[in-house]
Novice: 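Once you've had a glance at the structure underneath, I'll fire off some questions.
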Amino acid sequence: AIALKCIEFCIEKNGATSMKNMIKNKCPEALLRLLALPDHRPSALGLLTKLSGYGEAGAKSMTFSSGLIFVSKIVSSISDNVTSADGSDSSSIPGLLTTTNSLLELIVCITAFVQANPMEKVKLDDEEAVSTVPDSEVITDVVLTVNKTLKLGALPGIGASKALFSSTQKVCSKILGNIARWEALEAVEGEEPGPSPREIVATNGSLPLLLDLLSTPKMIVDSDVETTDGKKKPDDKKDKKKKGEKEAKP
């Protein structure tokens with residue numbers, strides 16, 4: 001806990017340099033592992049959220065630290081907690097959803113990086129780039145976790161947190177969209193090619209859930225994503241629309 005506080009202090013005082021040193025010393029992987037410990041999760045998540053905002057370097061560091069595996073496991077676990085809380089302690093659901101949204105934003109960051117950089121050097125001085133696309137088993141686990149999270153909308157206890165859960169739905173749809181755009185891995189010689197990322201999204205139950213979102217498009221489009229830092233991430237499309245309206249006025 002003290003070490004995490006020290007890292008937070010260093011980042012506040014000297015952000016860019018501290019971030020660079022944190023990545024260089026493999027701190028992202030340690031933070032991802034700490035997500036599994038409830039007592040340290042808030043601090044670790046806060047630092048990873050700052051890391052995700054540190055451009056491609058932050059996203060790259062989480063990608064090559066098995067970020068998808070670590071984060072999706074925690075999201076799946078919290079989804080189970082939401083299900084357990086439904087009907088028994090529904091007052092805890094808003095906090096669980098807020099944490100889920102922040103974790104899902106990390107997955108958005110990683111999946112967007114993989115989409116934009118299907119091949120990348122692990123280190124800048126490496127001679128060859130490697131694929132950033134994980135194997136089909138990892139992709140399937142992430143897709144199933146996202147689907148599991150979307151299915152929480154059927155719980156009666158979610159009704160009191162509709163606005164918050166609409167943010168969850170929005171982030172989940174971003175993740176599935178990013179994964180569906182990933183390049184397929186090249187088949188290993190002598191082996192049958194595995195399913196492409198798009199096929200995994202299409203064949204693991206995501207389609208009915210996405211179609212269900214289309215039945216309430218206004219709720220999804222107009223929602224801001226509320227995360228654990230207490231701030232809402234603005235909807236870019238909505239901001240652009242407002243800007244266009246202002247420019248159109250004489």
Side-chain angles (χ1 to χ4, degrees), residues 1 4 8 28 31-53 62 66-111 138 141-179 204-206 208-210 212-213 216 219-235:
L4 290 172
E8 289 174 2
L31 292 173
L32 288 163
R33 291 183 183 278
L34 285 174
L35 289 175
L37 304 177
D39 289 343
H40 297 303
R41 185 176 297 156
S43 295
L45 181 53
L47 288 169
L48 287 167
T49 299
K50 290 180 180 179
L51 183 65
S52 69
M62 288 193 290
S66 302
L68 280 180
I69 297 173
F70 286 117
V71 180
S72 63
K73 282 183 178 179
I74 305 304
V75 171
S76 179
S77 176
I78 294 179
S79 292
D80 291 335
N81 293 340
V82 172
T83 302
S84 298
D86 183 54
S88 59
D89 184 21
S90 57
S91 63
S92 66
I93 290 179
L96 292 170
L97 288 179
T98 301
T99 300
T100 297
N101 286 349
S102 290
L103 290 165
L104 290 171
E105 282 289 349
L106 297 182
I107 298 180
V108 169
C109 176
I110 296 170
T111 54
V138 172
D141 285 344
V142 174
V143 169
L144 291 176
T145 294
V146 172
N147 291 349
K148 181 179 180 180
T149 303
L150 286 171
K151 289 176 182 178
L152 295 176
L155 299 176
I158 293 293
S161 304
K162 278 186 178 179
L164 189 55
F165 187 68
S166 67
S167 297
T168 308
Q169 292 172 311
K170 181 178 180 180
V171 185
C172 285
S173 63
K174 283 184 180 179
I175 293 169
L176 293 174
N178 288 343
I179 293 175
N204 280 282
S206 299
L209 296 167
L210 292 172
D212 186 52
L213 296 188
T216 54
M219 182 184 295
I220 305 302
V221 172
D222 289 352
S223 66
D224 291 326
V225 179
E226 191 167 325
T227 57
T228 51
D229 59 6
K231 299 177 181 178
K232 289 186 176 181
K233 296 201 172 190
D235 189 314

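Owing to the predicted nature of the structure, the values given are computational and were not obtained by experimental measurement.
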Novice: Just wondering, do Val71 and Val142 contact through their side chains at under 4.5 Å, heavy atoms?
Specialist: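 No, their side chains stay 4.5 Å or more apart.
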Novice: For a 4.5 angstrom cut-off between non-hydrogen side-chain atoms, does Asp86 reach Pro156?
Specialist: yes
Novice: With Asn204, which of Leu176, Val146, Val143 fulfils side-chain contact (heavy atoms from CB on, under 4.5 Å)?
Specialist: Val143
Novice: What closest approach, in Å, do Ile158 and Val82 show between heavy atoms, and which atom pair accounts for it?
Specialist: CD1-CG1, 4.2 Å
Novice: From Gln169 CD over to Lys162 NZ, what is the distance, rounded to the nearest 0.5 angstrom?
Specialist: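 The NZ atom of Lys162 is 10.5 Å from CD of Gln169, to the nearest 0.5 Å.
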Novice: Side chains of Met62 and Leu68, heavy atoms from C-beta outward: is any pair under 4.5 Å?
Specialist: no
Novice: Start with the C-alpha gap between Ser173 and Leu210, add the side-chain angles, then the distance that decides, and say whether side chain to side chain contact (heavy atoms under 4.5 Å, CB included) holds.
Specialist: CA-CA 7 Å; Ser173 63; Leu210 292 172; 4.2 Å; yes
Novice: Measure the CG-OG1 distance between Leu103 and Thr98 for me, rounded to the nearest 0.5 Å.
Specialist: 11.0 Å
Novice: Does a side chain donor of either Asn101 or Ser167 reach within less than 3.5 Å of an acceptor in the other side chain?
Specialist: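 Ser167 and Asn101 do not have a side-chain donor-acceptor pair below 3.5 Å.
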Novice: If every non-hydrogen atom of Ile93 is compared with every non-hydrogen atom of Ser161, which pair is closest and at what distance?
Specialist: CG2-OG, 4.2 Å
Novice: Would you give the length of the straight line joining atom CD1 of Ile107 to atom CD1 of Ile179, rounded to the nearest 0.5 angstrom?
Specialist: 8.0 Å
Novice: Work out which heavy atom in Leu164 is nearest to a heavy atom in Pro94; give both atom names and the distance.
Specialist: CD2-O, 3.2 Å
Novice: Which pairs with one or both residues in residues 142-159 pass side-chain hydrogen bond (donor to acceptor under 3.5 Å, both in side chains), sequence neighbours excluded?
Specialist: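 Output for this query lists Ser76-Lys148, Ser79-Thr149, Asp80-Lys148, Asn147-Ser206.
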Novice: Considering all heavy atoms of both residues, which atom of Leu48 and which atom of Pro28 are nearest to each other, and what is their separation?
Specialist: CD2-O, 4.1 Å
Novice: Nearest 0.5 angstrom please: Cys109 SG to Leu51 CG, how far?
Specialist: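 Answer for the SG-CG pair, Cys109 versus Leu51, is 7.5 Å.
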Novice: So, taking the atom named CD1 in Ile175 and the one named OG in Ser72, what distance separates them when rounded to the nearest 0.5 Å?
Specialist: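 If we round to the nearest 0.5 Å, Ile175:CD1 and Ser72:OG are 9.5 Å apart.
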Novice: Which atoms form the tightest heavy-atom contact between Cys172 and Leu104, and what is the distance?
Specialist: SG-CD1, 3.8 Å
Novice: Atom CG of Leu97 and atom CG of Leu152: how far apart are they, to the nearest 0.5 Å?
Specialist: 7.0 Å
Novice: I'd like to know whether Arg41 forms a side chain to side chain contact (heavy atoms under 4.5 Å, CB included) with Ile74, so could you lay out the CA-CA distance, the side-chain angles of the two residues, the decisive distance to 0.1 Å, and finally the verdict.
Specialist: CA-CA 10 Å; Arg41 185 176 297 156; Ile74 305 304; 3.8 Å; yes
Novice: List the atom of Phe165, the atom of Leu150, and the distance in Å for their closest heavy-atom pair.
Specialist: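 Nearest heavy atoms, Phe165 then Leu150: CZ-O, 3.5 Å.
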